[in-house]
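Structure first, commentary second.
Note that the structure is predicted; figures quoted are calculated from it, not measured. What you see below is based on every heavy atom in this structure, not just the backbone, and it leaves out hydrogens, waters and symmetry mates.
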Amino acid sequence: QVQLVESGGGVVQAGGSLKLSCAATERTGIDYSMGWFRQVPGKGREFVIGIAWTGGSTTVADSVKGRFTISRENAKNTISLEMNNLKVEDTADYFCAASASGWGPSGQWNYWGQGTQVTVSS
């Protein structure tokens, strides 16, 4: 069982930056890839970015490419999402997720955090 806890959401003006963090409690000994999804009311959950457990390979959604970056500290079981040049359309609830296989949109995302809200004002 993996438990994920996000932090760092808030309100920021368009063009600004925000950093989200996710702490994972991993109890099974399985190495997980991790990533971020987002969701706005009335729409499905959208893949944003993911990172492999080892090697640092990432997959980034076109909508955030060049603006969002992901990093991880395996020793601390944490990942971070740096969001720059934020746009109003980035407003959403952001969810941390862990995958037993793959770090892209089709990964086996079995575990989810509770989400943290990001609001970008114009």
Side-chain angles (χ1 to χ4, degrees):
Q1 186 72 19
V2 177
Q3 294 179 334
L4 305 171
V5 178
E6 303 97 336
S7 61
V11 180
V12 63
Q13 284 192 325
S17 299
L18 204 61
K19 180 179 179 179
L20 305 183
S21 297
C22 174
T25 301
E26 191 273 294
R27 303 179 181 180
T28 66
I30 299 173
D31 296 334
Y32 289 92
S33 296
M34 296 183 72
W36 294 90
F37 286 70
R38 65 187 182 185
Q39 188 171 23
V40 297
K43 293 190 176 182
R45 198 164 289 187
E46 173 193 18
F47 172 83
V48 176
I49 195 167
I51 187 167
W53 174 252
T54 59
S57 295
T58 62
T59 299
V60 186
D62 288 341
S63 58
V64 304
K65 198 165 290 184
R67 301 187 298 120
F68 289 14
T69 57
I70 188 171
S71 59
R72 70 185 301 160
E73 290 188 62
N74 288 346
K76 296 182 179 180
N77 278 345
T78 62
I79 61 169
S80 296
L81 176 62
E82 294 271 1
M83 302 184 292
N84 298 311
N85 191 22
L86 282 160
K87 303 177 180 180
V88 173
E89 51 264 40
D90 293 320
T91 296
D93 290 323
Y94 283 72
F95 296 87
C96 177
S99 167
S101 177
W103 55 92
S106 300
Q108 192 177 344
W109 301 99
N110 298 102
Y111 301 100
W112 298 88
Q114 293 299 307
T116 185
Q117 190 171 46
V118 172
T119 301
V120 184
S121 61
S122 59

* Can Asp62 and Lys65 be counted as an ion pair, charged N to O under 4.0 angstrom? -> yes
* Which distance, rounded to the nearest 0.5 Å, do you find between the CZ of Phe68 and the CG of Leu20? -> 8.5 Å
* Asked: Listed by chain and number, what are the ring-ring contact (aromatic ring centres under 6.0 Å, His included) partners of Phe95, not counting sequence neighbours?
  -> none
* Return yes if some donor-acceptor pair links the side-chain N/O of Arg72 with the main-chain N/O of Ala52 below 3.5 Å, else return no. => yes
* **Beyond-backbone contact of Val118 with Met83, side-chain heavy atoms, under 4.5 angstrom** => yes
* **Plane angle bin for Trp109 and Phe47 - parallel if under 30°, tilted between 30 and 60°, otherwise perpendicular** => tilted
* How long is the span from the OG1 atom in Thr91 to the NZ atom in Lys87, to the nearest 0.5 Å? -> 12.5 Å
* Structure fact -> Scanning both residues in full, the closest heavy-atom pair of Val88 with Ser122 reads CG2-CB, 3.8 Å
* Under a 4.5 Å cut-off applied to non-hydrogen side-chain atoms, are Ile70 and Met34 in contact? -> no
* Structure fact -> Between the OH atom in Tyr32 and the OG atom in Ser99, the distance rounded to the nearest 0.5 Å is 9.0 Å
* Asked: Is there a chain of hydrophobic side chains (I, L, V, M, F, W, Y, each step under 4.5 Å between heavy atoms) that links Leu86 to Phe37?
  -> no
* To do: Assess whether atom CD of Gln39 is packed by more than 12 heavy atoms of other residues, nucleotides or ligands within 6.0 Å.
  => yes
* Separation between CH2 of Trp36 and OG of Ser80, rounded to the nearest 0.5 Å -> 8.0 Å
* **Min side-chain heavy-atom separation Glu46-Ser63 under 4.5 Å** => yes
* Residues forming a side chain to side chain contact (heavy atoms under 4.5 Å, CB included) with Asn110, sequence neighbours excluded -> Ala100, Gln108
* Kindly state each residue pair satisfying side-chain hydrogen bond (donor to acceptor under 3.5 Å, both in side chains) with at least one member in residues 6-21, sequence neighbours excluded. => Ser17-Asn84
* Enter the distance from Glu73:CD to Thr78:OG1 here, rounded to the nearest 0.5 Å. => 4.5 Å
* **Residue pair Arg67 / Asn85: nearest heavy atoms and the distance that separates them** => NH1-O, 3.0 Å
* Determine, using the 4.5 Å side-chain heavy-atom cutoff (strictly less than), whether Ile49 and Trp112 are members of one ILVMFWY cluster. => no
* Are Leu4 and Trp103 co-members of a hydrophobic cluster defined by side-chain heavy atoms under 4.5 Å apart? -> no
* To do: Report yes if the side chains of Tyr94 and Thr116 come closer than 4.5 Å at any heavy-atom pair, otherwise no.
  => yes
* Does a side-chain heavy-atom distance below 4.5 Å link Arg38 with Val64? -> yes
* Asked: Looking only at heavy atoms, which two atoms of Thr58 and Ile51 are closest? And how far apart?
  -> CG2-CG1, 3.9 Å
